[in-house]
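Notes to accompany the following structure.
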Amino acid sequence: MSRVAVVTGGNKGIGLAIVKGLCKQFNGTVYLTARDASRGQEAVKELNEQGCQPRFHQLDVSSLDSIHRFKQHLEQEHQGLDVLVNNAGVMYGHSKTAPLVEQVDVTMEINFFGTLNLTKVLSPLLRPHARIVNVSGGMGDLSHVTPELRQTFRSEQLTEEELVQMMEQFVSDVKLGVHEEKGWKMETVAYRVSKMGVTALSMVQQRQFDADPGADVVVNAVCPGWSRTDMGGASAGRSVEKGAETPIYLALLPPNVSSPRGKYLRDKEILSF
């Protein structure tokens, strides 16, 4: 049975570089997914010209309907899933003038809740030794929050339910205009908090999967580093290929690897969160 890898937000930037790398190194079918079908198909065409043969499927991680349609497709076509790279993400830069409430709604919906919902829905399809890679970021560093919030994020007792409540509370606090006094006082707050959530979620998910040790499902979060993408800008210090290196490494971790599991990495090194 052919192995299957899925990359979300695969039509450009680091996502596209991850798809390309997996096409060369992963022994199986690689799916490039994107919210915009025409952009996704264009990206597949671009990769075809470079000798890579990914398959395309439309996927909007902020839509449960879209997620369930994709699950159905994977179930019917492949009966399982081996690699999931949650790369889809958005960031409102300093030049964006959208109201903060809108920025927080959209960013959290895609970056955090999209990652959460897609992984949850696709989990029943995960085969033994499946690998999940959640693309986080250095801007989700906990140095920006209060010691109390830091402790909660890092707690080994933190459950998915508690983390979700925390993220929902943050969105609610922004709407009420009280987020700063609750400890969320920072620039680009929507993006930063969404990525804190993604890194913490990866650790929570690993604890959940560890309840069935025989399955050997491994989840890690990764900071690709500041890369030259639409999001990172032209002055960023590293190429998209460099940014894609560690996500690809984590997607291809061998069976029964003892470490990294439920960790946060950059440049293949485990970082403290």
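Note that the numbering runs from 1 along the sequence shown for the chain.
Interatomic distance, Lys263 NZ to Glu269 CD, rounded to the nearest 0.5 Å: 13.5 Å. Note that the CZ atom of Arg35 and the OG atom of Ser66 stand 10.0 Å from one another [nearest 0.5 Å]. A distance of 12.0 Å separates OG in Ser136 from CG in Asn220, rounded to the nearest 0.5 Å. Note that CG of Leu74 is 6.0 Å distant from CG of Leu122, once rounded to the nearest 0.5 Å. Rounded to the nearest 0.5 Å, atoms CD (Gln50) and CD (Glu46) are 5.5 Å apart. Taken to the nearest 0.5 Å, the CZ atom of Arg127 stands 8.5 Å off from the CZ atom of Arg3.
Asp65 and Ser63 share no donor-acceptor pair across their side chains, judged by distance under 3.5 Å alone. Of the N and O atoms on the side chains of Thr115 and Asn134, not one donor lies less than 3.5 Å from an acceptor on the other residue. Donor-acceptor pairing under 3.5 Å is lacking for the side chains of Thr107 and Ser194.
Of the residues Arg261, Gln206, Gln208, the one that meets the side chain to side chain contact (heavy atoms under 4.5 Å, CB included) test with Val219 is Gln206. Exactly one of Leu252, Leu84, Val218, Leu126 qualifies for a side chain to side chain contact (heavy atoms under 4.5 Å, CB included) with Arg131. That residue is Val218. Exactly one of Gln165, Lys120, Gln205 qualifies for a side-chain hydrogen bond (donor to acceptor under 3.5 Å, both in side chains) with Glu160. That residue is Lys120.
Put simply, the side chain of Glu75 never gets that close to the backbone of Leu125: no donor and acceptor are under 3.5 Å apart. Distance alone, capped at 3.5 Å, places no donor-acceptor pair between the Asp173 side chain and the Gly177 backbone. Side chain of Lys195 to backbone of Val135: a donor-acceptor contact under 3.5 angstrom is found. Of the possible polar contacts, one joining the Thr8 side chain to the Ala88 backbone as a donor-acceptor pair under 3.5 Å is found. Panel note: side chain Glu162, backbone Thr159; a donor-acceptor pair is recorded below 3.5 Å. Judged by distance alone, with hydrogens and angles left aside, the side-chain atoms of Asn87 form a donor-acceptor pair with the main-chain N or O of Gly9 at under 3.5 Å. The backbone N or O of Gly28 lies less than 3.5 Å from no partner atom in the side chain of Ser2, so there is not a single donor-acceptor pair.
Taking hydrophobic clusters as Ile, Leu, Val, Met, Phe, Trp and Tyr residues chained together by side-chain heavy-atom distances below 4.5 Å, Tyr92 does not share a cluster with Val193. Under the 4.5 Å side-chain contact rule for hydrophobic residues, Ile132 and Leu163 do not share a cluster. Under the 4.5 Å side-chain heavy-atom criterion for ILVMFWY residues, a single connected hydrophobic cluster contains both Val44 and Phe26. Tyr191 and Val101 fall into different hydrophobic clusters, where Ile, Leu, Val, Met, Phe, Trp and Tyr are joined by side-chain heavy atoms under 4.5 Å apart, directly or via other members. One hydrophobic cluster, built from ILVMFWY side chains closer than 4.5 Å, cannot hold both Ile67 and Phe112; they sit in different ones.
In this structure, Tyr264 has no ring-ring contact (aromatic ring centres under 6.0 Å, His included) partners at least two apart in sequence or on a different chain. Looking at residues two or more places apart in sequence or on another chain, you find a ring-ring contact (aromatic ring centres under 6.0 Å, His included) between His73 and Tyr31, His57.
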Using side chain to side chain contact (heavy atoms under 4.5 Å, CB included), reason through Lys242 and Asp267 one step at a time and then give a plain yes or no.
CA-CA 9 Å; Lys242 183 68 181 164; Asp267 295 333; 4.1 Å; yes

Assess whether side chain to side chain contact (heavy atoms under 4.5 Å, CB included) is satisfied between Met167 and Leu201, documenting all intermediate values.
CA-CA 11 Å; Met167 296 291 97; Leu201 177 65; over 6 Å; no

Would Met166 and Leu149 satisfy side chain to side chain contact (heavy atoms under 4.5 Å, CB included), going step by step from the backbone distance to the final call?
CA-CA 10 Å; Met166 207 174 156; Leu149 284 170; 3.8 Å; yes

Full working for side chain to side chain contact (heavy atoms under 4.5 Å, CB included) between Val222 and Tyr249
CA-CA 10 Å; Val222 58; Tyr249 154 76; over 6 Å; no

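Looking at Arg207 and Val204, their side chains come closer than 4.5 Å, going by heavy atoms from C-beta outward. Two residues are said to be in side-chain contact when any heavy atoms from C-beta on lie closer than 4.5 Å; Ile248 and Leu22 meet this criterion. Between Phe56 and Leu47, the closest side-chain pair of non-hydrogen atoms is not below 4.5 Å. Here the side chains of Leu250 and Pro260 are in contact, with some heavy-atom distance below 4.5 Å. The shortest side-chain heavy-atom distance between Leu116 and Val164 falls under the 4.5 Å cut-off. Counting only heavy atoms from C-beta outward, the side chains of Leu118 and Val6 never approach each other to under 4.5 Å. A heavy-atom distance below 4.5 Å is not found between the side chains of Val7 and Leu32. Residues Val104 and His179 are not in side-chain contact: their nearest non-hydrogen atoms beyond the backbone lie 4.5 Å or more apart.
Between Arg150 and Ser143, the shortest heavy-atom distance links the atoms NH2-O, 3.9 Å. Contact record, Val257 with Asp216: N-OD1, 4.4 Å, taken as the closest heavy-atom pair. Contact detail for Val85 and Ala251: the closest heavy-atom pair is CG2-CB, 4.3 Å. The heavy-atom pair separating His129 from Pro255 by the smallest distance is ND1-CB, 3.7 Å. Between Ala17 and Ala244, the shortest heavy-atom distance links the atoms CB-CB, 3.6 Å. When all heavy atoms of Phe273 and Met196 are compared, the closest pair comes out as CZ-O, 3.6 Å.
Taking 4.0 Å as the cut-off between side-chain N and carboxylate O, Arg39 and Glu42 do not count as a salt-bridged pair.
Within 6.0 Å of CD in Gln151 there are 12 or fewer heavy atoms belonging to other residues, nucleotides or ligands. The local environment of CD in Glu156 is sparse, with at most 12 non-hydrogen atoms from other residues, nucleotides or ligands closer than 6.0 Å. The neighbour count for Glu161 CD, taken as heavy atoms of other residues, nucleotides or ligands under 6.0 Å away, does not exceed 12.
Within the structure, ring-ring contact (aromatic ring centres under 6.0 Å, His included) pairs that include any residue of residues 143-162 do not occur (at least two apart or interchain).
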